[in-house]
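All heavy atoms count here, side chains included; hydrogens, waters and symmetry mates do not.
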Amino acid sequence: MREQQPYEAGRAIAGTGMGGAMDLAASEATTLERTPGGPEGTGPAGRPRSLWSDAWRDLRRDPVFLVSALVILFLVFVSVWPSAIASGNPLTCDLAKAQDGSAPGHPFGYDGQGCDVYTRTVYGARTSVTVGVLATLGVSVFGSVLGGLAGYFGGRWDAVLSRITDIFFAIPVVLGGLVLLSVVTSNTVWPVIGFMVLLGWPQISRIARGSVITAKQNDYVQAARALGASDSRILLRHIAPNAVAPVIVVATIALGTYIALEATLSYLGVGLKPPSVSWGIDISAASPYIRNAPHALLWPSGALAVTVLAFIMLGDAVRDALDPKLR
């Protein structure tokens, strides 16, 4: 019987998956071991994938997210630098051109006061986006803190906050705006933002409360508590990162709602007031001239509709990406 020769140094045996084996060099064996992307559930470097990395991967492939994100980025750019695409002054009007149609340099025509509709539509984006973003940030922070603390500690604090939340839910938003903002004489965006935060936090608070209650029952939270971690560390390091996803989804959708609410209140005359530039103000001013100058109403209304739709579509895409049940 022939003596079996030992394999040379630097050689390896790899299974063929069919009961046999093949002789490989060490470098070739190493190449087989390093499969692209790593095992299932890991990233390119073999690191475990997180919910956020999976969500970002899905969002990059979602056409709804890409379209809505491009629209929102354009709106943000216009809000920060409106003069980049509109060289006129939104407060400069010429009554001799009132209700005129489009003209060279004025593609949207003029409104009932002879103001350039294009310039006012562009500058109106700044007010709407500012109100929507600041109101959403205020509502998200205030509601998340209250709801998160109530859900984590429970007991009497949770019961009191739940009853207060029910009281605020019973207040009609538009009626509350008519009552509260009608006595405000300030012509800035802050009273409108403060009103939205005052009546908007209960929704975020209830969602944050439920998310924290679910997260604090997980094993990793119990393990951290058994190891002696403080309540603040458990909340900030373990619960908040795993409970913030529903809040982000609702806040993204609510941002478009707050922009529409600002336009509604301005249309009713209790939100922003002239000489502020707002889509709601322009829609209200153009309503009496809808037959003679429909363009003065259609352009700011269209800009408002596209903006609200973009944020709602963005929220829907984020919700689908962050929902593990849809994977």
Side-chain angles (χ1 to χ4, degrees), residues 124 127-214 243-244 246-274 276 278-281 283-284 287 301 304-305 307-309 311-312 314-316 319:
T127 301
S128 297
V129 172
T130 300
V131 171
V133 170
L134 293 181
T136 302
L137 288 176
V139 167
S140 300
V141 172
F142 188 62
S144 297
V145 170
L146 291 181
L149 293 177
Y152 181 78
F153 292 105
R156 187 174 302 175
W157 167 261
D158 187 17
V160 171
L161 182 65
S162 297
R163 301 293 76 79
I164 296 176
T165 302
D166 293 338
I167 293 174
F168 277 90
F169 268 123
I171 301 176
V173 176
V174 176
L175 180 60
L178 290 173
V179 174
L180 295 178
L181 295 178
S182 61
V183 298
V184 176
T185 58
S186 175
N187 198 33
T188 64
V189 299
W190 298 111
V192 179
I193 295 173
F195 162 75
M196 292 180 181
V197 174
L198 179 64
L199 294 188
W201 69 266
Q203 181 185 19
I204 297 292
S205 176
R206 181 162 293 183
I207 293 173
R209 173 183 175 273
S211 186
V212 169
I213 290 176
T214 302
V244 73
V247 175
I248 293 177
V249 172
V250 175
T252 305
I253 298 176
L255 201 157
T257 305
Y258 292 140
I259 292 176
L261 179 59
E262 179 275 321
T264 302
L265 295 175
S266 298
Y267 178 86
L268 295 175
V270 296
L272 297 177
K273 304 174 181 63
S276 298
S278 168
W279 289 333
I281 295 176
I283 294 172
S284 177
S287 297
S301 301
L304 175 63
T307 301
V308 175
L309 180 61
F311 281 106
I312 292 177
L314 181 69
D316 289 340
R319 179 198 59 196

For the residue pair [X] and [Y], what are the closest heavy atoms and their distance?
{"X": "Leu181", "Y": "Pro191", "answer": "CD2-O, 3.7 Å"}
{"X": "Pro246", "Y": "Ile207", "answer": "CB-CG2, 3.8 Å"}
{"X": "Val212", "Y": "Gly151", "answer": "CG1-C, 4.0 Å"}
{"X": "Ser128", "Y": "Ile259", "answer": "O-CG1, 3.4 Å"}
{"X": "Ala208", "Y": "Gly143", "answer": "CB-O, 4.4 Å"}
{"X": "Leu272", "Y": "Thr188", "answer": "CD2-O, 3.4 Å"}

Once ring pair (Phe, Tyr, Trp, His ring centres under 6.0 Å) is applied, do any residues pair with Phe169, and if so which ones, sequence neighbours excluded?
none

If the condition is ring pair (Phe, Tyr, Trp, His ring centres under 6.0 Å), which residues does Phe153 pass it with, not counting sequence neighbours?
none

Test your reading of the model: is there a side-chain donor-acceptor pair from [X] to the backbone of [Y], 3.5 Å cut-off?
{"X": "Ser266", "Y": "Glu262", "answer": "yes"}
{"X": "Ser211", "Y": "Ala243", "answer": "yes"}
{"X": "Ser284", "Y": "Ile281", "answer": "no"}
{"X": "Ser140", "Y": "Leu137", "answer": "no"}
{"X": "Trp201", "Y": "Leu198", "answer": "yes"}

Can you list the steps and then say if Val145 with Leu149 is a side-chain contact (heavy atoms from CB on, under 4.5 Å)?
CA-CA 6 Å; Val145 170; Leu149 293 177; 4.0 Å; yes

Evaluate the side-chain proximity of [Y] to [X]: yes if any heavy-atom separation is below 4.5 Å, no if none is.
{"X": "Met196", "Y": "Val131", "answer": "yes"}
{"X": "Phe311", "Y": "Thr257", "answer": "no"}
{"X": "Phe195", "Y": "Leu265", "answer": "yes"}

Which pairs, with at least one residue in residues 163-186 and sequence neighbours excluded, count as a salt bridge (Lys or Arg N to Asp or Glu O under 4.0 Å)?
Arg163-Asp166, Asp166-Arg206

Separation of [Y] [atom2] from [X] [atom1] (nearest 0.5 Å):
{"X": "Ile248", "Y": "Ile253", "atom1": "CD1", "atom2": "CD1", "value": "12.5 Å"}
{"X": "Thr214", "Y": "Arg209", "atom1": "OG1", "atom2": "CZ", "value": "10.0 Å"}
{"X": "Leu261", "Y": "Leu199", "atom1": "CG", "atom2": "CG", "value": "9.0 Å"}
{"X": "Leu146", "Y": "Asp158", "atom1": "CG", "atom2": "CG", "value": "11.5 Å"}

Tell me, with the steps shown, if Tyr258 and Ile193 meet side-chain contact (heavy atoms from CB on, under 4.5 Å).
CA-CA 9 Å; Tyr258 292 140; Ile193 295 173; over 6 Å; no

